[in-house]
Amino acid sequence: MDIKNTKVKQQKNYFASPLEIRHYVLDIHVTKPKYQYNAVKFALRPLYPGNENSTVIDYISRKKSIIGIAANSKRIENLKEEYNLILSPSLIVCQIIKNGIAISAGKDWLELEIIKDGFPVFLQAYPYTMVDKCLEDEARLSAEYNFNDTNKSVFLFDVAAADLPCNFSEKGFNVKYIENYKKSYKIDSACLYIERKVKSNKAYLFLMIPLLLLLSFLDVSYYKKSQNLKKQASEIKKTYNELKQNSLITNPQNENLKVSVREVYSISDILSEIYKTSSSIRIISLSLNDNTLKFEAENATAIKVLDKLSESSLLADVVLHQSLPQENGLERFVISGKIKND
């Protein structure tokens, strides 16, 4: 008898590290599924340092909130070959705790999560080296959201309490193993990168006729209102012009204007500051959004780069988001910071 043919494949699920499969709470509207993907894709572009060829995205929406998810496409491909399902720890925890603050912990990562009405409103991932920063943010957010100690929990995924970087129990956290809460969450609601069926409801068709009638009525009402507003705007414009003319007559000479020039840093200044941190560093991608800088780099030690950039006169609030070891003994990592504008 061929033993290989009779071997039953066991269910093998993977708890996704938030350092490699990034989760973002997006400030965009929930819309139809055929439009939502592109809206999420556009919103993630300045947040995740990757391009369309190397990045695969997903999203989870609940009511008025959306979690955008981005990861390296090759990594997701490899995980799907090895595991049956890719599960999100943050989406599991928010099914167990409906309102409160929680920290999820894996083999080398931590994720801080604020949950309201059963869905995350804040997510931040940390490597073990930044446990102090995680606890500092937790204390600040607990006060901000008015959570007491009974709301504080640490859920352990693929890690034992003894392997954590600090004793969370001594800091007022309830340490819990996720294996003990299998009946408290639905796996389907925490799966990532799967094909989701779009629900259709034929009852909506019966609402179309009264809805069209209502829209027609509103259209007439808004037309009348817009005409009144145009009339009022015309009167206001006329009054403004009269006041402006009077002002020019009473003040014919222009006053001296004080111009304040704010020094800003160029891209070359920023790149130069990054390259100073390591002689071997190679920048893969870089994005600027207002005064927020985020870049992905490799061939360097993430902590050393973080330390040197934290001492920079150009950057503030420097944070390490992701760090993955490379075959050459160095790391590939993602760092963000605020550009100082004097």
Side-chain angles (χ1 to χ4, degrees), residues 14-24 41 43-58 68-83 86 106-111 123-131 133-134 158 165 192-193 265-289 291-339:
Y14 176 75
F15 293 121
S17 164
L19 293 176
E20 64 177 358
I21 301 180
R22 305 293 297 174
H23 289 49
Y24 302 92
K41 182 179 179 180
L44 287 174
R45 191 170 297 168
L47 301 175
Y48 185 80
N51 56 52
E52 293 186 4
N53 295 327
S54 64
T55 304
V56 59
I57 71 169
D58 196 1
I69 299 160
N72 180 274
S73 55
K74 184 63 177 177
R75 176 59 174 159
I76 295 300
E77 182 181 330
N78 292 338
L79 287 174
K80 284 187 173 183
E81 291 179 358
E82 185 176 356
Y83 297 93
I86 303 173
K107 291 182 179 179
D108 56 2
W109 56 264
L110 301 169
E111 184 173 46
L123 287 170
Q124 180 63 55
Y126 310 84
Y128 275 2
T129 55
M130 297 183 66
V131 61
K133 174 64 175 172
C134 177
D158 295 333
L192 302 180
Y193 297 104
Y265 298 107
S266 67
I267 291 293
S268 60
D269 292 333
I270 297 168
L271 289 174
S272 176
E273 196 73 8
I274 296 173
Y275 281 118
K276 287 180 184 178
T277 62
S278 172
S279 59
S280 61
I281 190 170
R282 187 174 78 88
I283 297 175
I284 299 172
S285 63
L286 183 146
S287 65
L288 280 173
N289 185 12
N291 69 328
T292 299
L293 164 74
K294 179 171 279 192
F295 69 92
E296 182 178 11
E298 63 179 5
N299 285 349
T301 303
I303 293 301
K304 290 183 179 179
V305 174
L306 178 70
D307 290 342
K308 291 185 179 180
L309 289 180
S310 298
E311 299 173 355
S312 169
S313 60
L314 273 66
L315 299 175
D317 300 331
V318 183
V319 177
L320 174 64
H321 295 279
Q322 180 180 2
S323 177
L324 298 174
Q326 295 182 293
E327 293 180 357
N328 60 4
L330 298 175
E331 297 168 292
R332 180 171 179 165
F333 51 88
V334 177
I335 288 178
S336 71
K338 302 286 185 181
I339 300 174

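Note that the numbering runs from 1 along the sequence shown for the chain.
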- Expected output: side-chain Ser287 to main-chain Pro46 donor-acceptor under 3.5 Å: yes
Closest non-hydrogen atom pair between [X] and [Y], with its separation:
{"X": "Leu320", "Y": "Met130", "result": "O-SD, 3.5 Å"}
{"X": "Val56", "Y": "Tyr193", "result": "O-OH, 2.9 Å"}
{"X": "Ile69", "Y": "Leu44", "result": "O-CD1, 3.7 Å"}
{"X": "Arg22", "Y": "Gln322", "result": "CD-OE1, 4.1 Å"}
{"X": "Leu19", "Y": "His321", "result": "CD2-O, 2.7 Å"}

- Taking only residues two or more places apart in sequence, or in another chain, which ones meet Tyr275 in a ring-ring contact (aromatic ring centres under 6.0 Å, His included)? none
- Query: Is the closest side-chain heavy-atom distance between Leu123 and Pro18 below 4.5 Å?
  - Reply: no
- Message: Determine whether Arg332 and Arg282 satisfy the following criterion, side chain to side chain contact (heavy atoms under 4.5 Å, CB included), listing intermediate values before the conclusion.
- Response: CA-CA 9 Å; Arg332 180 171 179 165; Arg282 187 174 78 88; over 6 Å; no
In residues 300-308, what donor-acceptor pairs under 3.5 Å come from side-chain atoms, sequence neighbours left out?
unit_1 : atom_1 : unit_2 : atom_2 : d
Lys308 : NZ     : Thr277 : O      : 3.2

Nearest 0.5 Å, please: how far is [atom2] in [Y] from [atom1] in [X]?
{"X": "Trp109", "Y": "Tyr128", "atom1": "CH2", "atom2": "OH", "answer": "8.0 Å"}
{"X": "Asn289", "Y": "Ser336", "atom1": "CG", "atom2": "OG", "answer": "11.5 Å"}
{"X": "Asn72", "Y": "Ile21", "atom1": "CG", "atom2": "CD1", "answer": "10.0 Å"}
{"X": "Glu331", "Y": "Leu324", "atom1": "CD", "atom2": "CG", "answer": "8.5 Å"}
{"X": "Leu314", "Y": "Glu273", "atom1": "CG", "atom2": "CD", "answer": "5.0 Å"}
{"X": "Glu298", "Y": "Ile283", "atom1": "CD", "atom2": "CD1", "answer": "11.0 Å"}

- Task: With sequence neighbours left out, write down each residue that passes salt bridge (Lys or Arg N to Asp or Glu O under 4.0 Å) with Lys80, or none if nothing qualifies.
- Result: none
- In sequence, state the C-alpha distance, the side-chain angles, and the governing distance for Ile274 and Ile335, and then conclude on side chain to side chain contact (heavy atoms under 4.5 Å, CB included). CA-CA 10 Å; Ile274 296 173; Ile335 288 178; over 6 Å; no
- Go through Ile281 and Phe333 one step at a time and tell me if the side chain to side chain contact (heavy atoms under 4.5 Å, CB included) criterion holds. CA-CA 11 Å; Ile281 190 170; Phe333 51 88; 4.1 Å; yes
- Parallel, tilted or perpendicular: which describes the rings of Tyr14 and Tyr83, with under 30° parallel and over 60° perpendicular? tilted
